[in-house]
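Input: a single structure, listed below in structure tokens.
Values below: all heavy atoms of this structure, side chains included; hydrogens, waters and symmetry mates excluded. Just so you know, these numbers come straight off a predicted model, no measurement behind them.
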2 protein chains.
Amino acid sequence: MTTSGTRKTPTSTELAAWREYIEAAEEMRRAVSSAMQDQSGVSSGDYSVLLALSEADGHRLRSSALADDIGWERSRLSHHLGRMEKRGLVARDRCGEDNRGAWIAITAEGSSLFRTASAAHFRVIRRLFVDALDDGELEGVRAVSAALRRHVRSTGGNASQDD
Amino acid sequence: MTTSGTRKTPTSTELAAWREYIEAAEEMRRAVSSAMQDQSGVSSGDYSVLLALSEADGHRLRSSALADDIGWERSRLSHHLGRMEKRGLVARDRCGEDNRGAWIAITAEGSSLFRTASAAHFRVIRRLFVDALDDGELEGVRAVSAALRRHVRSTGGNASQDD
DNA sequence: TCCTCCTGGTTGACATGTCAATCATAAGAG
DNA sequence: CTCTTATGATTGACATGTCAACCAGGAGGA
């Protein structure tokens, strides 16, 4: 990628970009999460789970399929489902086809909360993110984010001393 | 801001940009944090604290000044300092001028770990972030991130129904 | 002095994430 | 059929974050 020879540490310009990026993302995450909480009582984690279940056949999914859908580790999902189950938003049912497995289903209460939360979600994303950018910037953000994801996925596991 | 009339929800293009952005940031955070942990045993939180203390006069700061420096809430900092103190990286001393206050000082062990971690930090940022982007993209990311931060700071607290 | 209010900081309860260990069942080898 | 191994999912221990309550000490006025 960059080919500036034997440079080992980022320049101050590069570091400034990094800091701006990571802090912006952090502030955005915090703001969205707090606004969602206020307006609907649903966290982004809850929202991801409810969305995947809402779109699923029969409004239910096997635990591991749900984890794949939303890109979570299974243990993370299991803990989160425990909390959501306690709140009555989802139900866990034994799976006949495979007695190890579990079906995760959205409850009526979960569906109803999801509808409210969807509206709030869209409002919040528009107000905090979309409205801050023009169409060109939006496309730029999308493209660069996709590039970063590709880069992290292809490079991320390798922790070698890369010089 | 946007003036497309009565639109209430983001378009699918806008939503796609949002998803790409927030997931890229999340994956980046996770990858950096995991690489830092592997290479130096220091989390980003630890790193922020150690950096601020290293740069401070006498390598120590009042707790609230430290919180301001790194932009954390005081309770978050207090919890984190408790964990770092247990590991021997920082020390809390009573403050003579104001008996309510506390001086937070970096220990010798903390300083030494910080030097290691700095090198790892720079390597990781370069490998995972800087190397993914050319100079133009880097500047674009910086500018858009700054714009997003400004927008969130000016809009964030206001949770009104914005149409 | 005494009373009230402000301020620096800590605490407890809880939500969220990660990792390694565990448990039960399924699947395949013999 | 039994033993070993793989798989689906949960658990426990801990790090990290947020919020609201608290506590102790300073500051100012009557």
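- A:S78 comes within 4.0 angstrom of a nucleotide base, judged by non-hydrogen atoms across all strands.
- Between the side chain of B:H79 and the base of C:dG9 there is no donor-acceptor pair of N/O atoms closer than 3.5 Å.
- One finds a side-chain N or O of B:R74 lying less than 4.0 angstrom from the OP1 or OP2 phosphate oxygen of C:dG8.
- In the set D:dT10, C:dG12, C:dA26, the nucleotide with an atom closest to the side chain of A:R92 is D:dT10.
- When the nearest nucleotides of DNA chain D are assigned to A:S64 and B:N99 by heavy-atom distance, the more 5′-ward of the two goes with A:S64.
- Counting heavy atoms of neighbouring residues, nucleotides and ligands inside a 6.0 Å radius, atom CG of A:D135 does not exceed 12 of them.
- Going from atom CG of B:L81 over to atom C1' of D:dA15 covers 15 Å, rounded to whole Å.
- Put simply, CG on A:L66 is 10 Å from P on D:dA9, counting in whole angstrom units.
- Comment: A:E20 engages B:R149 in a salt bridge, judged by a side-chain N to carboxylate O separation of less than 4.0 angstrom.
- Classification of B:R87 and B:D46 as a salt-bridged pair holds, one side-chain N sitting under 4.0 Å from a carboxylate O.
- A:W103 is not connected to A:F114 by any chain of hydrophobic side-chain contacts under 4.5 Å among Ile, Leu, Val, Met, Phe, Trp and Tyr, and they are in different clusters.
- Residues A:E97 and A:S44 both approach DNA chain C. Their nearest nucleotides, taken by heavy-atom distance, put A:S44 toward the 5′ side.
- Between the NE2 atom of B:H80 and the P atom of C:dT10 there is a distance of 14 Å, given to the nearest Å.
- Residue B:R100 places no side-chain atom within donor-acceptor reach of the base of C:dG9, judged by atom type and a 3.5 Å distance cut-off alone.
- For A:R62, the listed nucleotide lying nearest its side chain is D:dG8; candidates were D:dG8, C:dT18, C:dT10.
- Annotation: of the two residues near DNA chain D, A:A65 and A:R29, the 5′-most nearest-nucleotide partner is A:A65.
- Put simply, A:R76 has a side-chain N or O that comes within less than 4.0 Å of OP1 or OP2 on C:dG17.
- For B:R30, the side-chain atoms get nearest to C:dT18 when compared with the rest of D:dG8, C:dT18, D:dA9.
- Between B:E26 and B:R29 a salt bridge is recorded (basic side-chain N to carboxylate O distance below 4.0 Å).
- When each of A:R83 and B:D98 is assigned the nucleotide of DNA chain C with its nearest heavy atom, B:D98 is the one assigned upstream, toward the 5' end.
- Atom-to-atom, NZ of A:K86 to P of C:dT16 comes out at 11 Å; the value is rounded to the nearest Å.
- Look at CD on B:Q37: it is 10 Å from P on D:dA15, rounded to the nearest Å.
- We find that CG of A:D46 is positioned 17 Å from P of C:dC14, with the value rounded to whole Å.
- The distance from atom CD of B:E27 to atom P of C:dG17 is 14 Å, rounded to the nearest whole Å.
- Regarding B:R94, its CZ atom lies at a distance of 11 Å from the P atom of C:dG9, rounded to whole Å.
- Checking C:dA26, C:dG17, D:dG12 against the side-chain heavy atoms of A:S75 singles out D:dG12 as nearest.
- Taking the side chain as every heavy atom from C-beta outward, A:R123 and A:R127 never approach each other to under 4.5 Å.
- Here the nucleotide nearest the side chain of B:E73, chosen from D:dC19, C:dT10, C:dG8, is D:dC19.
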